[in-house]
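The block underneath contains the structure these notes are about, expressed in structure tokens.
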2 protein chains.
Amino acid sequence: MTQASKTGKARRSWQDIRDEIHRRVLSRRYKPGDKLPRDEDIAEELGCARSTVQRAMQDLNDAGIVERKRKGGTQVRPDPVTRATLDIPITRVEVEARGARYGYQMLASGRETTPAPVAAAFGLAAPEEMLHIEALHLADEAPFILEDRWVSLATCPEIANVDLSVKSANEWLVMHKPYDRMDLRFYAVNASGAMAARLKLREGAALLVIERSTWIGDAPITTVRSVTTPGYQLLTGS
Amino acid sequence: MTQASKTGKARRSWQDIRDEIHRRVLSRRYKPGDKLPRDEDIAEELGCARSTVQRAMQDLNDAGIVERKRKGGTQVRPDPVTRATLDIPITRVEVEARGARYGYQMLASGRETTPAPVAAAFGLAAPEEMLHIEALHLADEAPFILEDRWVSLATCPEIANVDLSVKSANEWLVMHKPYDRMDLRFYAVNASGAMAARLKLREGAALLVIERSTWIGDAPITTVRSVTTPGYQLLTGS
DNA sequence: TAGTGGTCTAGACCACTAA
DNA sequence: TAGTGGTCTAGACCACTAA
């Protein structure tokens, strides 16, 4: 019989341990840059197993609260960062979640040599021929997101046989091409004449741009620049 | 002696198990919406302990790949999402990381009643008197971020005694006010006349805005709208 | 109410790396 | 090279919740 069941007091979970340590960091009992006690000592102090402390610490490490090094021990991160989790759904799902009808229009598609910014996004040594697709995502018939995408034909030769005028490259890739690295960039642009025409809005409007590049190993898969429409917001919960 | 050490083959870690299951999802061996085998069966198949599968599944769950329910089992999320982690450092640290000199200027500060958008960001039932601060963060003497902040005096009465013309409210809050909930919003705006004047740029320029609100329990702490300067990008690695 | 996931524990051994 | 974190395992018991 465990001590907890003897006393009738619920055992503390690793989340409880994590919260307790987090409180100590926030209350400055453990200050930024400070070294924390060893997991084993914290376990003894809080009356739990070392593995429970380890699980709690792993979470605090992932959250950017502490920094852990073998032999070096655990220390409170000297430069606090705010860490947030962003969920970026497939555009179709996003539109449907707003209760709108989703539509998709391929504007252009063909093989082209990567221009400098695209080669740079992928970190390519030399330009390469890739599949270049421009497409529009619609919500209730109105332009929603303008997408400019490059897909590596070396990494994804099968995509040459997919009819991208019906289904977006986004959906095909999500379903068929696993990636293990992703880069995201968010920034604002003034709508160029071409963007304004395609999105049916005035030139110069401030638009949020989401750029995403993915790789499998060192092989580039796709890089896409999604230009959103006015009022578009990226939201985070936590 | 374990089987692994007998054969000389490294035992698989929970990350390996996670990757194996992830591969199965990506290769559509487990399709979106499909129910996965029980942890115990996967453990047996892959030759590891159930707790190792549990750890792997916890990670896949956090990453939005699968959805788990007691008794209901584990299923592949029907709507794949791209989940990314964003680190937002303190502005001073961000400026210094770019190798620039950090500067801070308080533009205005005073008690005011929250206007509708601020009350809405906090989910307040009624307007409230709060501390309102406008400030400018500088990089090498040039405007970098324009900050418009409201701090709840009910939740943070101590801040009334802090000299915010020297140190930013951001830094004081990070060090003294733990929060347990945060909302983030990102969007683009055209610079208004007032913004353009303060940031020394042309009216209408497209600017990335970062809005953040924090709470401790149900009590609002602060809400801040940070207007960045042209060229500013939010980046994610993973 | 039976079945599945959630968590804990103790002990073992491994893998880094500061000293 | 000694010390600290990283991970595994087997078994136990708990906590939800679909059926």
Side-chain angles (χ1 to χ4, degrees), chain A residues 1-22 25 30 33-78, chain B residues 1-22 25 30 33-78:
Chain A
M1 194 185 259
T2 64
Q3 197 185 354
S5 59
K6 261 186 208 151
T7 61
K9 196 173 160 188
R11 254 193 319 204
R12 279 187 289 191
S13 69
W14 65 264
Q15 287 96 335
D16 296 332
I17 302 295
R18 175 197 58 194
D19 293 345
E20 170 60 24
I21 298 168
H22 194 186
V25 170
Y30 300 147
D34 272 10
K35 196 173 157 186
L36 273 66
R38 301 184 307 150
D39 289 7
E40 203 174 331
D41 293 336
I42 293 186
E44 195 185 359
E45 187 206 334
L46 301 179
C48 65
R50 179 168 77 96
S51 46
T52 305
V53 174
Q54 153 70 29
R55 185 65 186 85
M57 287 294 194
Q58 201 166 42
D59 211 53
L60 291 168
N61 186 66
D62 290 348
I65 313 288
V66 302
E67 213 161 12
R68 278 156 83 71
K69 272 187 213 135
R70 285 173 155 137
K71 168 104 185 182
T74 304
Q75 79 163 229
V76 181
R77 279 227 150 147
Chain B
M1 192 184 260
T2 65
Q3 198 183 357
S5 60
K6 261 186 208 149
T7 62
K9 196 174 162 187
R11 255 194 315 208
R12 280 188 288 191
S13 69
W14 65 264
Q15 287 96 335
D16 295 332
I17 302 295
R18 174 197 60 195
D19 293 345
E20 171 60 26
I21 299 168
H22 194 187
V25 170
Y30 300 147
D34 273 10
K35 197 174 155 183
L36 273 65
R38 300 183 308 149
D39 289 7
E40 203 175 330
D41 294 337
I42 293 185
E44 196 185 359
E45 187 207 334
L46 300 180
C48 67
R50 180 167 77 96
S51 45
T52 305
V53 174
Q54 152 72 29
R55 185 65 186 83
M57 288 294 194
Q58 199 166 45
D59 212 52
L60 291 168
N61 185 67
D62 289 348
I65 314 288
V66 302
E67 214 162 11
R68 280 157 80 73
K69 271 186 215 137
R70 285 173 157 140
K71 166 105 184 181
T74 304
Q75 77 162 232
V76 181
R77 280 225 147 149

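Reminder, nothing fancy here: chain letters follow the sequence lines and each chain counts from 1.
Residues B:Leu46 and B:Glu20 are in side-chain contact: their nearest non-hydrogen atoms beyond the backbone lie under 4.5 Å apart. In this structure, the side chains of B:Glu67 and B:Pro78 come closer than 4.5 Å at one or more pairs of heavy atoms.
A heavy atom closer than 4.0 Å to some atom of DNA chain C occurs in A:Lys69, A:Arg70, A:Lys71, these being the qualifying members of residues 64-71 of chain A. Contacts between residues 33-52 of chain A and DNA chain D, defined by a heavy-atom separation under 4.0 Å, are made by A:Arg38, A:Asp39, A:Arg50.
Note that CZ of A:Arg18 and CG of A:Asn61 are 13.5 Å apart. Values are rounded to the nearest 0.5 Å.
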Pairs under 3.5 Å (Watson-Crick or G-U), crossing ones as [ ], inter-strand ones as |: DNA chain D comes out as ||||||||||||||||||.
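Residues satisfying the side-chain hydrogen bond (donor to acceptor under 3.5 Å, both in side chains) test with A:Arg70, not counting sequence neighbours, are none. A search for side-chain hydrogen bond (donor to acceptor under 3.5 Å, both in side chains) contacts involving A:Asp41 returns A:Arg38, not counting sequence neighbours. Residues satisfying the side chain to side chain contact (heavy atoms under 4.5 Å, CB included) test with A:Asp19, not counting sequence neighbours, are A:Arg23. A:Glu40 meets the side-chain hydrogen bond (donor to acceptor under 3.5 Å, both in side chains) test with no other residue; sequence neighbours excluded. Taking the side-chain hydrogen bond (donor to acceptor under 3.5 Å, both in side chains) definition, one finds that B:Glu44 meets it with nothing, sequence neighbours left out.
As rounded to whole Å, 16 Å separates atom C1' of C:dT9 from atom CG of A:Asp16. Summarising the geometry, the separation between CD on A:Gln15 and C1' on C:dT7 is reported as 8 Å, rounded to the nearest angstrom. Remark: P of D:dT4 and CD of A:Gln75 are 15 Å apart, rounded to the nearest angstrom. Distance CD (A:Gln54) to P (D:dT7): 6 Å, rounded to an integer number of Å. For A:Asp62 and D:dG5, the CG to P distance is 16 Å, given to the nearest whole Å. The CZ-P distance, from A:Arg12 to C:dT7, rounds to 16 Å in whole Å. Atom-to-atom, CZ of A:Arg18 to P of C:dC8 comes out at 11 Å; the value is rounded to the nearest Å. When the C1' atom of C:dG5 is taken as reference, atom CG of B:Leu60 falls 14 Å away, rounded to whole Å.
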Below 3.5 Å, can you tabulate the donor-acceptor pairs from side chains in residues 47-57 of chain B to any protein atom, sequence neighbours excluded?
| from | atom 1 | to | atom 2 | distance (Å) |
| --- | --- | --- | --- | --- |
| B:Gln54 | OE1 | B:Arg68 | NH2 | 3.1 |
| B:Arg55 | NE | A:Gln58 | OE1 | 3.3 |
| B:Arg55 | NH2 | A:Gln58 | OE1 | 2.9 |

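Between C:dG5 and B:Gln58, no contact under 4.0 Å exists linking OP1 or OP2 to a side-chain N or O.
Each of B:Leu60, B:Ile65, B:Thr74 was evaluated against B:Ile21; a single residue qualifies, B:Leu60, per the side chain to side chain contact (heavy atoms under 4.5 Å, CB included) test.
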